[in-house]
Engineer: 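Handing you a structure now.
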Amino acid sequence: MKIKMKDGSIREAAFEEELGKNAFRHTTAHILAQAVKRLYPDTKCAIGPSIADGFYYDFDFAFQFSEENLSEIEAEMKKIVKENLQLRQFAADREKAMQMMEERKEPYKIEMLKDLPEGEEISFYQQGEYLEMCAGPHVAYTSAVKAFKLLSVAGAYWRGDEKNKMLTRIYGTSFPNEDMLAEYLNRLEEAKKRDHRKLGKELGLFVLLEEGPGFPFFLPKGLILKNLLIDYWRKMHAKEGYVEISTPIMLNRQLWETSGHWEHYRDKMYTTSIDGADFAIKPMSCPGGMLVYKMEPRSYREFPMRISELGLIHRNEASGTLHGLMRVRCCTQDDAHIFMTPEQIQDEIKGVARLIDEVYSTFGFSYHVELSTRPENSIGSDADWELATNGLKNALDDLKLPYVVNEGDGAFYGPKIDFHLEDSIGRTWQCGTIQLDFQLPQRFEAEYIGEDGNKHRPIMIHRVLFGSIERFLGILIEHYAGKFPLWLSPVQVKVLSLSDKYIDYAKEIEQTLKMEGLRCELDARAEKIGYKIRTARLERVPYMLIVGEKEAETKSVSVRERDAGDLGNMPIEKLLEILREEGI
RNA sequence: GCUGGAAUAGCGCAGUCGGUAGCGCAACUGAUUCGUAAUCAGUAGGUCGAGGGUUCGAGUCCCUUUUCCAGCUCCA
């Protein structure tokens, strides 16, 4: 069973197990709140749920709270655990509940109370002197919480609305024993070593500089990766009946007015003027694709017409949201627009979903699916939205793909299916998406001649598989922890010479491998072999070839694999055979 | 954008009470010519993110600002 946690992450888990863990974490959140109230009685409490790997509690402190305060709270929490307080549940009617919360001067609880339906009994939990309005469930005694840790402090808007006051959120986690806590913290540390920003720097893949916040620079090895992903993508699309185009990154204001972007997406667009006319740099590729569609009369016989475009797009994302390659201001979307008849909708959506599954399986990614519905700031009629949303739903049902619904999270022109991937510490990122759009064809007055000889309006799908190549690459780096499969490795083989005496032979090997199309480097420094191996390993090079006297004499190489270690001595043909089998 | 933190050599970091900016790795030079995760010695490298202020004196204290980190909001 899939469970969507309050922090947005999706977990596969047995329901009872999940409930038990949640009750446990939720109780720890109560202990946290009780400790805070003891230490700083003026603090107002908001909410404190359990989340995927722990819990949080939102407070409104009467003073400037910082991480330095966490240790004194932890000390107080330990006391509460030791006191072994019982958590007693009781119900109260609305009036009584209101009275209790007013006595305790808890404005956030009062606000929540006001929103609860009339006549409903309200649940409370009491532990020692601390009273919390809460539906539960909880564990029975505070002493059950044997191991916990407060992890970080952050701001969070009251009720998740940026118009509201920002509260102070304390994150923590708890476990039934110290070993489990230590193991969790250790796992977190290990995961941080896979961070694509750290690996990107260590492996020389990309860099983000102060001169261009959110605008990544690709370094030689990173660009090899990016280009390899593109090669893979192009081959796949050629096979799937797509034609590729490329449209300008800058187009005039009128076009963006027609598409609706000027009105609905303007705050994220970079604009400029040319010869006195307004222009915008594209935040999406669809309007350009639309113009290509409209170039000449189209027939139903050409449908489904699948037009792909690796679009370089720019979006002025808010500064605080930037995150390595995962969230940038400039990226390459592996876009495609499919024009079709209404009858072709189901098959096309299913075809794209299958493609996405194929791509993600190739890299060994697991993903979850969300259906995002009509947002507030949208264009188009209710009927169109319903038709489009049902179209996506039916396709998902047909495919038997489990999904969660994300109300109001669709694009302004249509609903979408989103495919989410996880990074090394469990944050999820939207990558693939399939969007059904009735609006753009109308706005651009796109047409095709049907079987009946009359003009009709085509249906349009926008879709990406990677999402953005940058984000996908970020996920990829973390997924493999920098140890890319052979076919993706920026350097596939490194030749390590034992001393200068064998450099000529080492160069000969390097040349042979390069002629075979392998990405190969030679380490000919006057260093010991152990040191060269160490360097190559840190670079995560899949194969190391050691060449010295023995190899030069027998015209062979001694092979070391990144993980498997020594593979022994072999002729170069044998090595090539191994590499081909693995896939180059 | 919001809340809280951080910024010192290419990278990873130390720098106490405000009193001469340091360590390791990398780089460079020289020696070593070596058999599976670090050979030895030496050299060079800094407007301490930027701008202002307090002070006899600021990496250190204060203000402004930029970027980054965690989370929120938003999103591919």
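Letters go in sequence order (proteins before strands), and every chain restarts at 1. Everything numeric here is computed off the predicted structure, so don't read it as measured data.
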Engineer: So which heavy atom on A:Thr173 is nearest to which on A:Arg25, and how close?
Structural biologist: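 Looking at all heavy atoms of both residues, the shortest contact is OG1-NH2, 3.5 Å.
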Engineer: How many Å lie between NZ on A:Lys528 and P on B:rU32, as a whole number?
Structural biologist: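 Value for this atom pair: 14 Å.
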Engineer: Would you mind reading off the distance between A:Asp161 atom CG and B:rU3 atom C1', rounded to a whole angstrom?
Structural biologist: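 Value for this atom pair: 16 Å.
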Engineer: What's the CG-P distance between A:Leu208 and B:rC68, to the nearest Å?
Structural biologist: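 Result: 7 Å.
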Engineer: Counting only heavy atoms not in A:Glu263, do more than 12 sit closer than 6.0 Å to its CD atom?
Structural biologist: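 Atom CD in A:Glu263 is not crowded, with 12 or fewer foreign heavy atoms closer than 6.0 Å.
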Engineer: One thing to verify: whether A:Asp115 and A:Arg159 come together as a salt bridge, which I'm taking to mean a side-chain N less than 4.0 angstrom from a carboxylate O.
Structural biologist: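 Answer for the salt bridge query: yes.
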Engineer: Measure from CG on A:Leu322 to C1' on B:rC69 and round the result to the nearest Å.
Structural biologist: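 To the nearest whole Å, that distance equals 12 Å.
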Engineer: I want to verify a distance call: between B:rG35, B:rC69, B:rU33, whose nearest atom is closest to the A:Ile546 side chain?
Structural biologist: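 Given the options B:rG35, B:rC69, B:rU33, the side chain of A:Ile546 is closest to B:rG35.
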Engineer: Is any side-chain nitrogen or oxygen of A:Gln333 closer than 4.0 Å to OP1 or OP2 of B:rA76?
Structural biologist: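 No, outside the criterion.
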Engineer: Among B:rC75, B:rU33, B:rU36, which nucleotide sits nearest the side chain of A:Asp409?
Structural biologist: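 Nearest listed nucleotide: B:rC75.
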Engineer: Counting side-chain heavy atoms from C-beta on, which of B:rC34, B:rU73, B:rG71 comes nearest to A:Glu162?
Structural biologist: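 Ranking B:rC34, B:rU73, B:rG71 by closest atom to the A:Glu162 side chain puts B:rU73 first.
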Engineer: In whole angstrom, what separates A:Phe59's CZ from B:rU3's P?
Structural biologist: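 Spelled out: CZ on A:Phe59 to P on B:rU3 is 20 Å.
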Engineer: Could you say whether A:Glu210 or A:Arg159 is positioned toward the 5' end of RNA chain B, judged by the nucleotide with the nearest heavy atom to each?
Structural biologist: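 Looking at the nearest nucleotide for each, A:Glu210 comes out on the 5' side.
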Engineer: Rounded to whole Å, please give me the gap between OH in A:Tyr360 and C1' in B:rA76.
Structural biologist: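 That distance rounds to 10 Å.
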Engineer: Does A:His323 have a side-chain nitrogen or oxygen under 4.0 Å from the phosphate oxygens OP1 or OP2 of B:rA70?
Structural biologist: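 So the side-chain polar atoms of A:His323 do come within 4.0 Å of the phosphate oxygens OP1 or OP2 of B:rA70, strictly under.
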Engineer: When you get a sec, tell me which of B:rC69, B:rU36, B:rG35 is the closest nucleotide to the side chain of A:Arg197?
Structural biologist: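 The listed nucleotide nearest to A:Arg197's side chain is B:rC69.
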Engineer: Cation over ring, A:Arg169 on A:Tyr56, under 6.0 Å and within 45°?
Structural biologist: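 Pair A:Arg169/A:Tyr56 counts as cation-pi.
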Engineer: What I want to find out is whether A:Glu348 reaches A:Arg463 closely enough, with some N-O distance under 4.0 Å, to be called a salt bridge.
Structural biologist: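 Answer for the salt bridge query: no.
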Engineer: Look at A:Tyr531 and B:rA26 and indicate whether a side-chain polar atom (N or O) is within less than 4.0 Å of OP1 or OP2.
Structural biologist: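 Answer is yes, contact under 4.0 Å.
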Engineer: Side chain of A:Glu317 only, heavy atoms from C-beta on: which candidate in B:rC72, B:rA76, B:rA27 is closest?
Structural biologist: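 From the listed options, B:rA76 comes nearest.
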Engineer: Whether the A:Glu309 and A:Thr247 side chains hold a donor-acceptor pair (N or O, under 3.5 Å, no angle test) is what I'd like checked.
Structural biologist: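 There is such a pair (donor and acceptor under 3.5 Å, judged by atom type) between the side chains of A:Glu309 and A:Thr247.
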Engineer: Which nucleotide, B:rU33, B:rU36, B:rC11, lies nearest any side-chain atom of A:Asp500?
Structural biologist: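 Nearest listed nucleotide: B:rU33.
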Engineer: Would you classify B:rC17 as syn or anti? Syn applies when the glycosidic angle is within 90° of 0.
Structural biologist: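 Nucleotide B:rC17 adopts syn.
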Engineer: Looking at A:Arg427, I'd like to know whether one of its side-chain N or O atoms comes within less than 4.0 Å of OP1 or OP2 on B:rG71.
Structural biologist: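 Yes, within the criterion.
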Engineer: Is the distance from OP1 or OP2 of B:rG12 to the nearest side-chain N or O of A:Lys198 less than 4.0 Å?
Structural biologist: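 Answer no for this pair, as no side-chain N or O of A:Lys198 is under 4.0 Å from OP1 or OP2.
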Engineer: Mind checking whether A:Tyr57 and A:Phe55 have ring centres under 6.0 Å apart?
Structural biologist: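 They do not qualify: ring centres at least 6.0 Å apart.
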Engineer: Measure distances between side-chain N and O atoms of A:Glu551 and base N and O atoms of B:rG35, and say whether any donor-acceptor pair falls under 3.5 Å.
Structural biologist: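 Such a pair exists between side chain and base.
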Engineer: Starting at CG of A:Asp58 and ending at C1' of B:rU73, how long is that distance when rounded to a whole Å?
Structural biologist: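 After rounding, the gap between these two atoms is 13 Å.
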Engineer: Can you tell me which stems RNA chain B forms when a stem means 3 or more consecutive Watson-Crick or G-U pairs under 3.5 Å?
Structural biologist: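 The stems are B:1-7 with B:66-72, B:10-13 with B:22-25, B:27-31 with B:39-43, B:49-53 with B:61-65.
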Engineer: Mind calculating the distance between CD (A:Gln64) and P (B:rC2) to the nearest angstrom?
Structural biologist: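 My rounded result for the distance is 15 Å.
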Engineer: Taking the side chain of A:Ser468 as its heavy atoms from C-beta onward, which of B:rG71, B:rC72, B:rA76 lies nearest to it?
Structural biologist: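 The answer is B:rA76.
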Engineer: Run the salt-bridge test on A:Arg427 and A:Glu478 with the 4.0 Å N-O cut-off and return the result as yes or no.
Structural biologist: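 Salt bridge absent between A:Arg427 and A:Glu478.
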Engineer: Could you check which of B:rU73, B:rC75, B:rG71 has an atom nearest any side-chain atom of A:Tyr157?
Structural biologist: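 My answer, after comparing the listed nucleotides, is B:rU73.
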Engineer: Can you give me the closest heavy-atom contact between A:Arg306 and A:Glu240, atom names plus distance?
Structural biologist: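 Taking A:Arg306 first and A:Glu240 second, the nearest heavy atoms are NH1-O, 3.1 Å.
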Engineer: Is a donor-acceptor pair below 3.5 Å formed from side chain A:Arg327 to base B:rC74, judging by atom type as modelled?
Structural biologist: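 Pair found.
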